[in-house]
Amino acid sequence: MSDIGEIDEGFYSRQLYVLGHEAMRRMGTADVLIAGMRGLGVEIAKNVILSGVKTVTIQDEGPAEWTDLSSQFFLKESNLGQNRATCSLQQLSALNPHVRVSAHTGPLDEDLLLQFQANPGMVFLTDDLPREFSNGSKVIFSEVQGMTELNSIGPVEIKDCEPGKCFFSIGNTSEFSQYERGGVVTEVKQPCKLKFKPLSDALLDHKLLKTNGKIDRHNTLHLAFQALHSFARKEQRLPRLRSQSDADSLLAIVGELNTVAQLDQLDEAAVRTLSYTAQGQLAPINAFIGGLAAQEVIKACSGKFTPLQQWLYFDALECLPEDEDQLTEDCLAAEGTRYDGQTAVFGPAFQEKLERQKYFLVGAGAIGCELLKNFALMGLGAGEGGQITVTDMDFIERSNLNRQFLFRSQDIGKPKSDVAAKAVREMNPRMNITAHQNRLDADSEGVYDYNFFMGLDGVAAALDNVEARVYLDGRCVQHQKPLVEGGTLGCQGSTVVVVPHLTKSYGPSTSSSNDAIPLCTLKNFPHRIEHTLQWARDQFEGLFKQTPENVNLFLRDDGFVERTLGLGDAEALEVLWGLWSSLQNTEAGGQRPTSWEDCVSWARCKWETLYNNDIRQLLHCFPPGEVTAAGLPFWAGSKRCPHPLTFDPNNTTHMDYVVAAANLYGQIFRISGTRDRASITKTLEKVRLPSFTPKSSVKIHLSDEEMEEDKQDDAKKAELEEWKGKLASSSVESSFMLMYPIDFEKDDDSNFHVDYIVAASNLRAENYDIPAADRHQSKRIAGRIIPAIATTTAAVAGLMCLELYKLVQGHRNISSYSTAYMYLPVTHIVFCPPSPAHGFEVAGRTYTLWDDFLVEGRRCGQQEMTLGDLVQYIKDTYNLSICGLYYGSAALYVGQEERLQQRVSDVVKMVTKTEIPPHKKMLELMPSFTEDEDCEIVPPIRYMLM
């Protein structure tokens with residue numbers, strides 16, 4: 001950050017939603033020293049610099065070596081023999097213009113360390129995850145009516161709080177006024193002071209070890225790493241690769257240390273493996289540990305989240321070859337290549353296999369950038385016959401630069417996949433990589449067809465939505481290809497690996513609309529800022545996108561009105577009125593502007609309708625003292641009684657709405673606007689507001705069910721016919737009447753989009769006495785922004801590539817693979833084996849989702865088989881009798897004898913009434929069998945058209 005207190009919200013946008021402004025300001029005062037610029041050091045430096053501290057000093061005395069190139073992504077072959085810190089400085093500095101980065105090539109001594117003062121040990125536990133209250137928590141109250149004393153007392157401790165219960169005690173309130181209704185309770189996070197043992201004491205305390213279930217192994221590794229330092233000090237080198245004598249020496253030192261530690265059992269195999277591989281450098285391990293370590297730096301600098309206390313061990317020994325005997329000291333000798341650090345662990349044969357791989361990466365955003373960096377360092381697809389194909393339809397925005405580290409400011413506006421591919425070619429010139437800008441969906445199956453998928457060795461998913469993941473997963477299952485997938489949400493991350501014929505797949509989407517806000521709540525009874533923001537977003541979409549699109553469809557499509565009438569009376573009325581008013585100017589009673597002044601007038605009238613008239617109408621139907629049939633107050637519980645607003649040109653929020661709404665209204669008609677508030681205020685003085693009187697005939701729906709029941713109405717039908725007649729008689733010249741719909745764009749602060757949302761939402765909130773939200777919070781909620789931070793992204797990508805090691809080796813033991821979940825605020829990491837593929841029975845035989853009935857439609861160059869041939873083939877081959885056959889939702893065969901004589905593709909075309917696309921080489925048909933008609937799940941028939 002350039003100045004203390006100033007935060008570049010455009011650059012740090014997604015990270016701010018993770019850490020918050022106060023934590024970011026504290027980070028902006030921190031000076032950080034990172035010692036060592038090998039693979040792990042540069043990972044930590046990258047993540048810390050992206051996070052936005054004040055300064056970073058990178059220290060390293062050593063020259064770049066071949067083994068460094070396996071994991072140090074800012075070193076090139078031309079840097080061999082030069083200082084690692086100096087060679088990394090320029091590229092690290094380019095990551096974040098707000099952070100000063102310097103290099104120190106001298107020793108790591110006391111004089112250097114004294115320049116970096118650690119922050120005080122005060123940590124504010126302000127994680128953003130919703131959680132239940134617990135005994136001892138402190139809370140404050142607001143908006144309580146009646147017992148108003150609660151609104152002014154300080155944080156009170158809650159008691160008698162039980163899990164799952166919706167009540168708790170706060171002590172004696174007998175001296176307070178009588179409680180009436182309402183109120184908001186908010187937990188107040190309390191500072192927590194933590195104590196840490198000095199290194200000498202912490203080394204001896206095994207209770208400080210944080211493990212992920214491998215307790216015995218990690219207790220041993222705690223001693224083994226101390227032994228490794230002792231070995232290196234004594235021998236002035238690390239243990240030789242696969243050297244039995246050096247492994248024996250290391251094990252002996254561990255035994256000596258255990259005379260003090262007194263562990264009941266030592267994992268000798270883990271100690272030997274550490275010795276055998278100590279000279280290795282693996283990019284995925286460094287990415288994972290580098291992400292975690294950088295997160296601890298952020299905790300120290302920001303005072304946010306809970307630091308690690310005090311040791312964390314991680315191993316991925318399952319990545320090693322299942323038959324390690326093939327790796328000997330002789331075959332692992334360094335060859336002077338960029339992959340020496342990796343071949344030191346896996347051997348040269350595996351390296352050659354990695355280089356021959358053909359992988360498809362979907363997504364070149366934050367995780368995608370980290371994966372491509374790891375691919376380049378690993379050499380995935382970088383040899384003869386190897387290939388990486390990456391696709392991403394997005395273009396680089398400024399908010400990406402904070403965590404998508406392959407991009408720089410000069411890349412803004414360019415395709416992500418192109419820039420990312422170019423960046424990793426610079427890291428590793430041997431990379432064979434092709435960049436696409438295609439969305440992965442049914443429309444791109446002509447590109448990513450059967451031949452494309454069958455030519456792959458595997459797929460990596462770096463996607464940001466569940467629907468795309470489910471689609472890609474289905475394609476991988478269809479073509480029997482492994483998939484490694486990862487995702488993040490702020491400081492949370494997860495990884496999934498899908499192995500054909502071994503694990504279950506990612507599976508269909510389990511998301512539901514349970515979190516959707518009821519329409520009646522949005523329309524009349526909001527009680528949270530999320531409701532007013534969604535209402536504002538809906539207003540934006542309706543006024544500036546849907547109505548212009550409807551007008552353009554009406555002008556181009558003669559059948560638009562008839563289709564609209566099928567939507568339901570209320571919705572159809574809204575659409576047709578919007579059409580007519582957008583096509584007729586103000587003199588004819590419509591709302592089509594002919595000047596900028598008309599746009600300002602429209603915005604002012606819209607303000608009056610939304611924030612005064614509509615509220616007056618609601619209160620006319622349900623006055624403040626209204627009671628229900630049961631005699632209870634109507635305006636109680638979550639129903640907040642609103643009040644109308646009176647427009648004030650001196651009120652900033654009032655004018656914010658008019659300025660944004662008028663400019664957006666002008667944009668959809670191609671009328672230029674202005675931000676000059678003085679001139680807009682003068683125009684407002686001339687605006688005449690139509691009179692308004694609340695009507696008793698207006699019906700306010702109290703629930704979505706009422707709205708659904710009221711969709712059909714005879715009075716509305718007559719009104720619809722009237723509007724239909726008006727539109728039919730309208731004289732319009734389509735070329736002059738076209739409108740220009742606006743797509744909501746949250747990351748451009750100059751386009752009035754977020755301006756409109758913030759003003760519209762906060763005015764609505766003022767109507768209902770809901771606390772307003774600032775621009776930053778409003779932008780996150782309305783823009784549906786996913787919080788993100790570079791540390792989690794790096795760690796997730798590291799774990800994904802560890803699973804990729806196993807896939808490339810062809811591991812068949814399911815316990816070798818891992819799915820992972822991490823929550824970095826408390827360094828909580830869980831690993832578990834993936835779920836096995838579930839079996840199901842058909843006619844007494846067990847199948848899984850990976851099984852199918854593969855049929856060659858044109859065997860041995862013959863003519864395509866008929867439907868009868870297909871039925872007979874399944875009977876002869878699998879002893880199953882087809883009684884029904886379906887292609888998607890189309891029924892191809894349910895006993896129609898005449899269809900048995902037709903070719904399968906002809907039946908498909910006849911039933912679906914569409915041609916089969918030329919790229920479609922495989923039809924997935926779902927059978928029903930006479931032997932087991934009640935079976936809900938059956939393997940598909942994959943019918944090849946080749």
Side-chain angles (χ1 to χ4, degrees), residues 7-17 363-366 368 392-404 407-419 437-439 441 463-465 467-468 529-530 532-552 599 603 606 656-675 738-764 773-788:
I7 299 175
D8 186 342
E9 293 192 357
F11 186 85
Y12 293 111
S13 168
R14 304 313 189 255
Q15 183 175 290
L16 273 167
Y17 296 122
D392 194 309
M393 62 177 292
D394 285 344
F395 293 81
I396 297 166
E397 300 173 355
R398 190 162 183 270
S399 62
N400 301 147
L401 305 183
N402 172 237
R403 66 204 184 283
Q404 300 176 20
F407 308 145
R408 302 291 179 267
S409 57
Q410 62 267 27
D411 299 322
I412 292 173
K414 298 177 182 177
K416 287 185 177 181
S417 57
D418 282 350
V419 175
Q437 287 83 51
N438 300 316
R439 181 196 296 272
D441 57 17
L463 292 158
D464 61 1
N465 68 88
E467 291 76 15
I529 196 66
E530 288 83 359
T532 67
L533 282 163
Q534 183 61 55
W535 176 87
R537 180 68 188 271
D538 290 347
Q539 287 285 316
F540 183 99
E541 296 293 325
L543 294 171
F544 309 122
K545 185 173 191 291
Q546 291 168 5
T547 295
E549 287 179 344
N550 289 339
V551 167
N552 293 345
C599 296
K606 180 59 71 174
D656 285 347
Y657 179 90
V658 171
V659 172
N663 276 278
L664 290 168
Y665 201 60
Q667 288 175 23
I668 62 177
F669 292 101
R670 284 295 188 265
I671 295 174
S672 298
T674 179
R675 289 182 180 271
L738 284 174
M739 294 175 66
Y740 302 87
I742 298 173
D743 289 313
F744 180 73
E745 172 49 59
K746 60 187 176 293
D747 287 319
D748 181 354
D749 287 335
S750 67
N751 62 11
F752 298 101
H753 297 193
V754 175
D755 296 347
Y756 177 86
I757 296 292
V758 175
S761 170
N762 284 340
L763 288 168
R764 179 83 162 168
D774 63 20
R775 183 184 183 88
H776 187 66
Q777 182 186 5
S778 299
K779 187 175 178 179
R780 177 184 67 81
I781 298 171
R784 303 180 180 97
I785 293 174
I786 299 173

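With hydrogens and angles ignored, the 3.5 Å screen pairs a side-chain donor or acceptor of Asp411 with a backbone N or O of Arg408.
Tyr657 OH to Leu763 CG: the interatomic distance, rounded to the nearest 0.5 Å, is 8.5 Å. Between the CD1 atom of Ile671 and the OH atom of Tyr665 there is a distance of 9.0 Å, given to the nearest 0.5 Å. How far OH of Tyr12 is from CZ of Arg403: 13.5 Å, rounded to the nearest 0.5 Å. To the nearest 0.5 Å, atom NE2 of residue His753 and atom CG of residue Asp748 are 7.5 Å apart. If you take CG on Leu16 and CZ on Arg780, they are separated by 11.5 Å, rounding to the nearest 0.5 Å. The distance from the CZ atom of Arg398 to the CD1 atom of Ile412 is 6.5 Å, given to the nearest 0.5 Å.
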Step by step, would you call Asp538 with Gln534 a side-chain hydrogen bond (donor to acceptor under 3.5 Å, both in side chains)? CA-CA 6 Å; Asp538 290 347; Gln534 183 61 55; 2.9 Å; yes
Checking Leu543 against Tyr756 for the side-chain contact (heavy atoms from CB on, under 4.5 Å) test, could you report, in this order, the C-alpha distance in whole Å, the side-chain angles of both residues, the deciding distance, and whether it holds? CA-CA 11 Å; Leu543 294 171; Tyr756 177 86; 3.6 Å; yes
Can you list the steps and then say if Ile529 with Asn762 is a side-chain contact (heavy atoms from CB on, under 4.5 Å)? CA-CA 8 Å; Ile529 196 66; Asn762 284 340; 4.0 Å; yes
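Taking the six-membered ring wherever Trp is involved, the centroid distance between the rings of Phe540 and Phe544 falls below 6.0 Å.
Here the side chains of Glu467 and Asp441 are not in contact, with every heavy-atom distance at 4.5 Å or above. Looking at Pro415 and Asp392, their side chains never come closer than 4.5 Å, going by heavy atoms from C-beta outward. You'll find the side chain of Lys779 stays beyond 4.5 Å of the side chain of Glu9, heavy atoms only. Between Phe395 and Lys414, every side-chain heavy-atom pair lies at or beyond the 4.5 Å cut-off. Taking the side chain as every heavy atom from C-beta outward, Phe752 and Val659 approach each other to under 4.5 Å. Considering only heavy atoms from C-beta on, Ile396 comes within 4.5 Å of Leu401 through its side chain.
In this structure, Ala782 and Ile757 approach most closely via the heavy-atom pair CB-CG2, 3.5 Å. Nearest heavy atoms, Glu745 versus Asn751: O-ND2, 3.3 Å. For the pair His776 and Ser13, the tightest heavy-atom approach, listed with the atom from each and the gap, is CE1-O, 4.0 Å. The two residues Lys416 and Gly365 come nearest to each other via the heavy atoms NZ-CA, 4.2 Å. Nearest heavy atoms, Ala661 versus Ala603: CB-CB, 3.9 Å. Nearest approach of Gly783 to Arg537, heavy atoms of both residues: CA-NH1, 4.3 Å.
Partners of Arg670 according to the side chain to side chain contact (heavy atoms under 4.5 Å, CB included) rule, which considers only residues two or more places apart in sequence or in another chain, are Tyr740. Not counting sequence neighbours, the partners of Arg775 by the side chain to side chain contact (heavy atoms under 4.5 Å, CB included) test are Asp749, Val754, Asp755, Val758. Every salt bridge (charged side-chain N to carboxylate O under 4.0 Å, His left out) that Glu549 has, sequence neighbours left out, goes to Lys545.
The 12-atom threshold is exceeded at CZ of Arg675, counting heavy atoms of other residues, nucleotides or ligands nearer than 6.0 Å.
Side-chain atoms of Asn663 and Gln667 include no donor-acceptor pair closer than 3.5 Å.
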